Amino acid sequence: MRYISTRGAAPELPFDDTMLTGLARDGGLYVPAAIPQLTSAEIAALGGLSYEDLALRVMTPFIGDSFGESELTDLIARAYSGFDHVARAPLVQLDTNHFLLELFHGPTLAFKDFAMQLIGQLFQAVLARRGERVTIVGATSGDTGSAAIEAFRGLDNVDVFILFPHGRVSEVQRRQMTTPAEANVHALAVDGDFDDCQGALKAMFNDFAFRDEVRLAGVNSINWARVLAQVVYYFSSALSLGAPHRPVSFTVPTGNFGDIFAGHVARCMGLPIDRLVAATNQNDILHRCLSGQGYHKGQVVPSISPSMDIQVSSNFERALFDAYGRDGKAVAQLMEELSLGGFDVSQGALEYLREQFDSGRASEQETLATIRRVREESGELLCPHSAVGVKVAEELRDPDVPMITLATAHPAKFPDAVEQASGIRPPLPAHMQDLFERPERVTRIGNDLGALKAHIREHVQR
Ligand SMILES: *Cc1c(COP(=O)(O)O)cnc(C)c1O
C-alpha cells in the first residue's frame, strides 16, 4: 500500500514512513493511493470478532508489509489493554433506533485514545527497529494533547511537546497534560487560540531545516495512522446493529474532521453507511461550507465543547481532495486561498461533498438543554461534545435507519458544563481520582514561532 499527498507534490510513502512523517513535505496530507475494498460477504464474516481481532482485519490492508501479522496483533493488544471496558467501544441505546457509541473508555477519557494508544505502540516498534528517535510536536484544543502525552510518556525514542491555548482548555484536560512527571513530556501553554497553535505547528513542519534538525514527527489528526485506527469502531458498531445487511447512519461531533473522515473511509471500503452527519457547535465553518456558503475563516468563539472550537478544519483537506477528483494542484490552490481567508467550493465538488456528508450545528443553549433532557429521558449523562452530536442527530435522523451518535468524551472531562446543564457533577473514574493533587509542570510561552522553536531545540534529548 502506497500513500500520496493531497497536494500531489510529495514523495509516495509506505505506511510506516507515512505515519512517522505526519504532514507531507508539500504541506499536504497523506491518503492511500487506493482504498482497499471489502465485499459484503467479507464484512459479514467480521461479525462477532473481538474489538482487537476486528482492528487487525480492518487495518491490515492499509498497513501492507510495514508490520508483520503477529507483531501487529501484539501491538493492538497492548494499545487497548488500558481501556476500562472489555468491548472497548460499547453501544448504549438512547431512543428507538438511536444509539450512543461510547468512545471514552480509554486512559484520558476521550475517543482520541483509540488512535493515540495504538500510534504510541506503532511508533515505538518502528523506531526501535530502525534505531532512530523523533520529536513529536502536537497542537491541541485539549484532548489530543492529553491522549498523546499518555501514549508517549516514558517511551525511549521520543520527546513529546504539546502546544495548547493558555486558559482555553478544561482543568481536567490541562492537568492530564501537565502532571505526567516523565522527562520526555513537555507541556507548552501558548498565549493564543487553538488555530494559533495549529498554525505554529504547520509552520514548523514547513521549515525543513528545523524539521530535519529535531526529526519532527506529527501525531495530530492529520496523521493518517490516526484516521485509520478510527475506522475500526465504525465497523464494530455497524456490525453490532446488523451490517452489512442493514445500513446504519452516524452523527459525529466534528472539529478537525478526522473522526468523521474515518467514517467516510469505512464507507469507501464497502461498509453500508446511509448518512454521515457532521455536527458542529457555534464554530460552524464546516456546516456553513456543506450548506453551500463557501469555506471562509471567522474568529473562534470559545464554547462549552472546546475540542470543537476551531475554524480551520485540517482533515477537511482530505475530503476536498476526493471532491476535486484527487487533483492535488486544485487542492494546493484552495489552500493557498485559505491562507488569505477562505475559498468557494466549485459546484461539482459541493455536490460530491453533500452526497457524502450531511451537517448541522447546535448552539450553546441547545447543547445544555440536550444534556439535561437526555439525562431525564434515558439516564445517560452526555459530555457537551456528545450532546452537540445528539442534538443534530435528532434533528436529521431518518426514523427507519439506526442512527449511531459518537460520544467522544466522558462527561467527567467537562464537569462544569455538565453540572450547569444537569445539576450533576460527574465524578472522575477511580484511576484518575488524585488528578487534582498531582503537581503540575508547564511552560507558558508567547504566540511566537521563533520562541517555540528555540524552546524545542533546547529541550530535545539527542
Ligand atoms: C477531538 C474531539 C472532537 C473532534 O474530533 P475531530 O476528529 O477533530 O473532528 C470532538 N469531541 C471531542 C471530545 C474531541 O476530543
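None of these values were measured; they are calculated from a predicted model. In listed order, ligands and their atoms are each counted from 1. The figures here come from the full heavy-atom set of this structure, side chains too, leaving out hydrogens, waters and symmetry mates.
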Go through Glu394 and Arg373 one step at a time and tell me if the salt bridge (charged side-chain N to carboxylate O under 4.0 Å, His left out) criterion holds.
CA-CA 12 Å; Glu394 286 174 338; Arg373 183 175 43 76; 2.8 Å; yes
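- Remark: distances from the non-hydrogen atoms of Ser221 to ligand 1 are all 4.0 Å or more.
- Nearest to atom 12 (C) of ligand 1 among the protein's heavy atoms is Thr408 OG1, 3.3 Å.
- Judged by distance alone, the side chains of His98 and Thr405 do bring a donor and an acceptor atom under 3.5 Å apart.
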Before you tell me yes or no, could you show the steps for Asp309 and Ser141 under side chain to side chain donor-acceptor pair (under 3.5 Å), namely the whole-Å CA-CA distance, both residues' side-chain angles and the distance that decides it to 0.1 Å?
CA-CA 7 Å; Asp309 284 350; Ser141 51; over 6 Å; no
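- Considering backbone and side-chain N/O of Ala110, none are found under 3.5 Å from N/O of ligand 1.
- The contact set between ligand 1 and Asp143, taken as ligand atoms under 4.0 Å from a residue heavy atom, comprises 12 (C), 13 (C), 14 (C), 15 (O).
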Set out, in order, the CA-CA distance, both residues' side-chain angles and the distance that settles salt bridge (charged side-chain N to carboxylate O under 4.0 Å, His left out) for Asp284 and Arg361, then state yes or no.
CA-CA 7 Å; Asp284 60 353; Arg361 92 195 278 276; 2.8 Å; yes
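- At a 3.5 angstrom cut-off on N or O pairs, Cys383 does not count as close to ligand 1.
- Closest protein heavy atom to atom 7 (O) of ligand 1: Asp259 N, 2.9 Å.
- Near Gly258, meaning under 4.0 Å from one of its heavy atoms, ligand 1 places the atoms 6 (P), 7 (O), 9 (O).
- Distance from atom 5 (O) of ligand 1 to its nearest protein heavy atom, with residue and atom name: Phe111 CZ, 3.5 Å.
- The protein non-hydrogen atom at the shortest distance from atom 6 (P) of ligand 1 is Asn256 N, 3.6 Å.
- Those atoms of ligand 1 that come under 4.0 Å of a heavy atom in Ala409, given as number and element, are 13 (C).
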Run Arg326 and Asp322 through salt bridge (charged side-chain N to carboxylate O under 4.0 Å, His left out) and show every step you take.
CA-CA 5 Å; Arg326 303 203 128 203; Asp322 286 345; 3.1 Å; yes
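- Between atom CG of residue Leu334 and atom OH of residue Tyr324 there is a gap of 4.5 Å, rounded to the nearest 0.5 Å.
- Looking at His287 and Ser359, their side chains do bring a donor and an acceptor atom within 3.5 Å of each other.
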List the steps, then state whether ring-ring contact (aromatic ring centres under 6.0 Å, His included) holds for Phe152 with Phe161.
CA-CA 10 Å; Phe152 288 96; Phe161 293 83; over 10 Å; no
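- Among all protein heavy atoms, the one lying closest to atom 4 (C) of ligand 1 is Gly255 N, 3.6 Å.
- Smallest separation of non-hydrogen atoms from Ala407 and Ser386: CA-OG, 3.2 Å.
- At the top of the distance list for atom 2 (C) of ligand 1, counting protein heavy atoms only, stands Lys112 NZ, 2.4 Å.
- Checked against a 3.5 angstrom limit, the closest N/O atoms of Phe257 and ligand 1 fall inside it.
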Steps toward side chain to side chain donor-acceptor pair (under 3.5 Å) verdict (Tyr233, Asp259)
CA-CA 10 Å; Tyr233 48 69; Asp259 208 3; 2.6 Å; yes
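- The contact set between ligand 1 and Pro253, taken as ligand atoms under 4.0 Å from a residue heavy atom, comprises 4 (C), 10 (C).
- The atoms of ligand 1 that sit less than 4.0 Å from any heavy atom of Thr254 are 9 (O).
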